[in-house]
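Some notes on the structure that comes next.
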Amino acid sequence: MTVFTGLDRLFGEERWLSRLRGKRLALLVHAASVNREIVHLIDLCRQEKLLVGRIFAPEHGLWADAQDMEGVEDTRDPIHELPIRSLYGASFQDLLPKANDFDDIELLIIDLQDIGARYYTFVYSAALCIEQCAKLGVPVLVLDRPNPIGGLQLEGNVVEPELRSFVGLYGLATRHGMTIGEALRLIAASEGWPAPELVSMQGWQRSMYFEDTGLPWVLPSPNMPTVDTAVVYPGGCLWEGTRLSEGRGSTRPFELFGAPWLNPSEVLAVVEPQCLEGVRLRRLVFRPTFHKFAGQSCRGFQLHVHDREHFRPLLLAMGLLRAIGKVHPEQLEWRREPYEFVADRLAIDLLLGAVGLREQILGTTPWSQIEEELANSRQGFEAQRREHLLY
């Protein structure tokens, strides 16, 4: 089946394109803001001689060349020779667009490829822009894109208020099963903002993974090189809150993880079977070229997902945390440096999003009880979600 994104429709249907002519536009875009022919939104605007007054870039910069949590200054795009306003700097305040960023702007267009996990920050950059535009009376047009890991499966919880951060700024479930357009409409409704206008997709179905769409995959961030990466990310991102390598500095980030001290055979022997549905763990050794353990050989695993429908990435990661805690109680440590501009909470707690969940994972609480509590946490979200599903 052929899928057309919001961007494809915006420049493929005159009824949409005519609304842009003569208006001074702002764009919130990144490297993956391309159409089916892999032409970037900035280039499409130039081809149509549209007036682009400002370009915003989220975390990782316009071309996904900045690493995680690397502040990006306002700069000049070396490809298009245009000034870029960064929405990811050295402090939380740098995430917030300023009122004067929208001087003379008549319409903000948002076109970002999301990943389908609440840790991924692009949806929050978009939401903060929508909030500012609501205050200023600037219309917003969101170009919808597929959720690359499908729109059916949900997993995890909604972040508790005291653990809100830029990896959980609004009430989304860990794996939320929404497109970015749906998620932004839900956030706007829950925050009392006007709903942004949306150019919906054509042909997308909720059961689709990204490969089913026929669309080109462009990595939206430097450690999201493939759809396989996105599939494991709702669980694999938890390693960011630990001293284990999440595979950054390798060619398969989040699919690989480990540490020089890890004994993968002993860990695998104690992982509880219900955590392993749909996936096989291959023991291996990898050597990151940068990030944690750069230049050191790490023993660990590669995740080989063979049944995406039954694979539960968050449950797997929690199960592995429990197993590693049993086998390596002295070596399993948490990241204690500031994480996404928060210094008074452990990164693992910000990612898990629930007070006490870390202790349950490392203890003996049955997985059925943990999953029931996570499901209870997202009941309100699920009710809201149903109201905003478009496909």
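- Taking 4.5 Å as the limit, some side-chain heavy atom of Leu357 sits within range of a side-chain heavy atom of Leu374.
- Side-chain contact between Gln113 and Met224: absent, with no pair of heavy atoms (C-beta onward) separated by less than 4.5 Å.
- A cation-pi arrangement is present between Arg322 and Trp367 under the rule of less than 6.0 angstrom and at most 45 degrees off the ring axis.
- Leu219 and Ala64 get closest at one heavy-atom pair: O-CB, 4.2 Å.
- Side-chain contact, Asn147 with Trp204: no donor N or O sits under 3.5 Å from an acceptor N or O.
- Counting heavy-atom neighbours within 6.0 Å of Gln274 CD, excluding the residue itself, gives a total above 12.
- Between Leu28 and Leu87 there is a side-chain heavy-atom pair separated by less than 4.5 Å.
- Side chains of Ser165 and Glu340: no donor on one and acceptor on the other come within 3.5 Å.
- Transitive grouping of hydrophobic side chains (ILVMFWY, heavy atoms separated by less than 4.5 Å) brings Ile324 and Val271 into a common cluster.
- In this structure the side chain of Pro222 reaches within 4.5 angstrom of the side chain of Gln67, judged on heavy atoms.
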Self-check item: Working for side-chain contact (heavy atoms from CB on, under 4.5 Å), residues Asn157 and Thr174
Solution: CA-CA 6 Å; Asn157 59 318; Thr174 311; 3.3 Å; yes
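- Minimum heavy-atom separation, Gly353 to Leu163: C-CD1, 3.5 Å.
- Arg118 places a side-chain N or O within 3.5 Å of a backbone atom of Leu351 that can act as its donor or acceptor partner.
- Applying the salt bridge (charged side-chain N to carboxylate O under 4.0 Å, His left out) criterion to Arg9, with sequence neighbours excluded, gives Glu13.
- Interatomic distance, CZ of Phe166 versus CG of Leu95, reported as 4.5 Å (0.5 Å rounding).
- The environment of CZ in Arg282 is crowded: more than 12 heavy-atom neighbours from other residues, nucleotides or ligands sit within 6.0 Å.
- Atoms CD1 and CD, on Ile370 and Gln360 in that order, are 5.0 Å from each other to the nearest 0.5 Å.
- Aromatic pair Phe341/Tyr88: ring centres closer than 6.0 Å.
- Residues Ile84 and Val72 form no side-chain contact, since every pair of their non-hydrogen atoms from C-beta on lies 4.5 Å or further apart.
- Using modelled atom types, one side-chain atom of Glu106 and one backbone atom of Arg24 make a donor-acceptor pair closer than 3.5 Å.
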Practice problem: Evaluate side-chain contact (heavy atoms from CB on, under 4.5 Å) for Val167 paired with Val159, printing each intermediate quantity in order. | Solution: CA-CA 9 Å; Val167 288; Val159 179; over 6 Å; no
Practice problem: Might you work through the side-chain contact (heavy atoms from CB on, under 4.5 Å) test for Asp8 and Val3, ending with a clear yes or no? | Solution: CA-CA 9 Å; Asp8 292 316; Val3 173; over 6 Å; no
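- Using modelled atom types, one side-chain atom of Glu182 and one backbone atom of Leu390 make a donor-acceptor pair closer than 3.5 Å.
- Under the 4.5 Å side-chain criterion, counting only non-hydrogen atoms from C-beta, Gln132 is not in contact with Asp101.
- Counting heavy atoms from C-beta on, the side chains of Ser33 and Leu27 never come closer than 4.5 Å.
- No side-chain donor from either of His388 and Arg185 sits under 3.5 Å from a side-chain acceptor of the other.
- Taking the charged nitrogens against the carboxylate oxygens, Lys98 and Asp103 have no contact shorter than 4.0 Å, which rules out a salt bridge.
- Remark: the backbone N or O of Ile149 is paired with a side-chain donor or acceptor of Arg175 at under 3.5 angstrom.
- Residues Pro288 and Phe293 share a closest heavy-atom pair of CD-O, 3.7 Å.
- Between His30 and Phe122, the angle of the ring planes goes over 60°, which puts this pair in the perpendicular group of the 30/60° scheme.
- Minimum heavy-atom separation, Thr213 to Arg36: O-NH1, 3.9 Å.
- Shown here are the salt bridge (charged side-chain N to carboxylate O under 4.0 Å, His left out) partners of Glu48, two or more places apart in sequence or in another chain: Arg21.
- Although no hydrogens or angles enter the test, the distance criterion places a donor-acceptor pair under 3.5 Å between the side chain of Arg385 and the main chain of His176.
- At least one donor-acceptor pair closer than 3.5 Å links the side chain of His328 to the backbone N or O of Asn263.
- Taking CG of Leu51 as the reference point, atom CG of Leu107 lies at 12.0 Å (rounded to 0.5 Å).
- At least one side-chain heavy atom of Leu96 sits less than 4.5 Å from a side-chain heavy atom of Gln93.
- If you take CD1 on Ile187 and CG on Leu169, they are separated by 8.0 Å, rounding to the nearest 0.5 Å.
- Between Leu244 and Lys292, the shortest heavy-atom contact is O-NZ, 2.7 Å.
- Interatomic distance, Arg299 CZ to Ser245 OG, rounded to the nearest 0.5 Å: 14.5 Å.
- Here the straight-line distance linking atom CZ of Arg336 with atom CZ of Arg243 works out to 8.0 Å at 0.5 Å rounding.
- Salt bridge annotation for Glu266-Arg283: absent, with no cationic side-chain nitrogen under 4.0 angstrom from a carboxylate oxygen.
- A donor-acceptor contact under 3.5 angstrom links the side chains of Glu240 and Tyr339, judged on distance only.
- When hydrophobic residues (I, L, V, M, F, W, Y) are linked wherever their side-chain heavy atoms come within less than 4.5 Å, the members clustered with Leu256 are Leu284, Phe286.
- Here the two rings, on Tyr170 and Phe381, have centers that are 6.0 Å apart or farther.
- Leu186 and Val199 sit in two unconnected hydrophobic clusters of ILVMFWY residues. Membership requires side-chain heavy atoms under 4.5 Å apart, directly or through other members.
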Exercise. Check the pair Arg145, Phe210 against side-chain contact (heavy atoms from CB on, under 4.5 Å), reporting the backbone distance first and the verdict last.
Key: CA-CA 10 Å; Arg145 287 187 174 271; Phe210 197 86; over 6 Å; no
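- Hydrophobic cluster membership differs between Val29 and Ile110, with clusters built from Ile, Leu, Val, Met, Phe, Trp and Tyr side chains linked at under 4.5 angstrom.
- Hydrophobic cluster membership differs between Leu10 and Ile38, with clusters built from Ile, Leu, Val, Met, Phe, Trp and Tyr side chains linked at under 4.5 angstrom.
- Side chain of Tyr209 to backbone of Val231: no donor-acceptor contact under 3.5 angstrom is found.
- Tyr233 places no side-chain N or O within 3.5 Å of a backbone atom of Pro313 that could act as its donor or acceptor partner.
- The cationic atom of Arg54 (NZ for Lys, CZ for Arg) does not lie both less than 6.0 Å from the six-membered ring centre of Phe102 and within 45° of the ring axis.
- Distance alone, capped at 3.5 Å, places no donor-acceptor pair between the Gln369 side chain and the Pro366 backbone.
- Looking at every heavy atom in both residues, Ser297 comes nearest to Arg287 through OG-NH2, 3.2 Å.
- When atom types are taken as modelled, the side chain of Glu59 and the backbone of Met69 share a donor-acceptor pair closer than 3.5 angstrom.
- Within a 6.0 Å sphere centred on CD of Glu272, other residues, nucleotides and ligands contribute more than 12 heavy atoms.
- Between His40 and His80, the ring planes lie tilted relative to each other; the angle falls in the 30° to 60° range.
- Note on Leu143 and Val138: separate hydrophobic clusters, where clusters join Ile, Leu, Val, Met, Phe, Trp and Tyr whose side-chain heavy atoms are under 4.5 Å apart, directly or indirectly.
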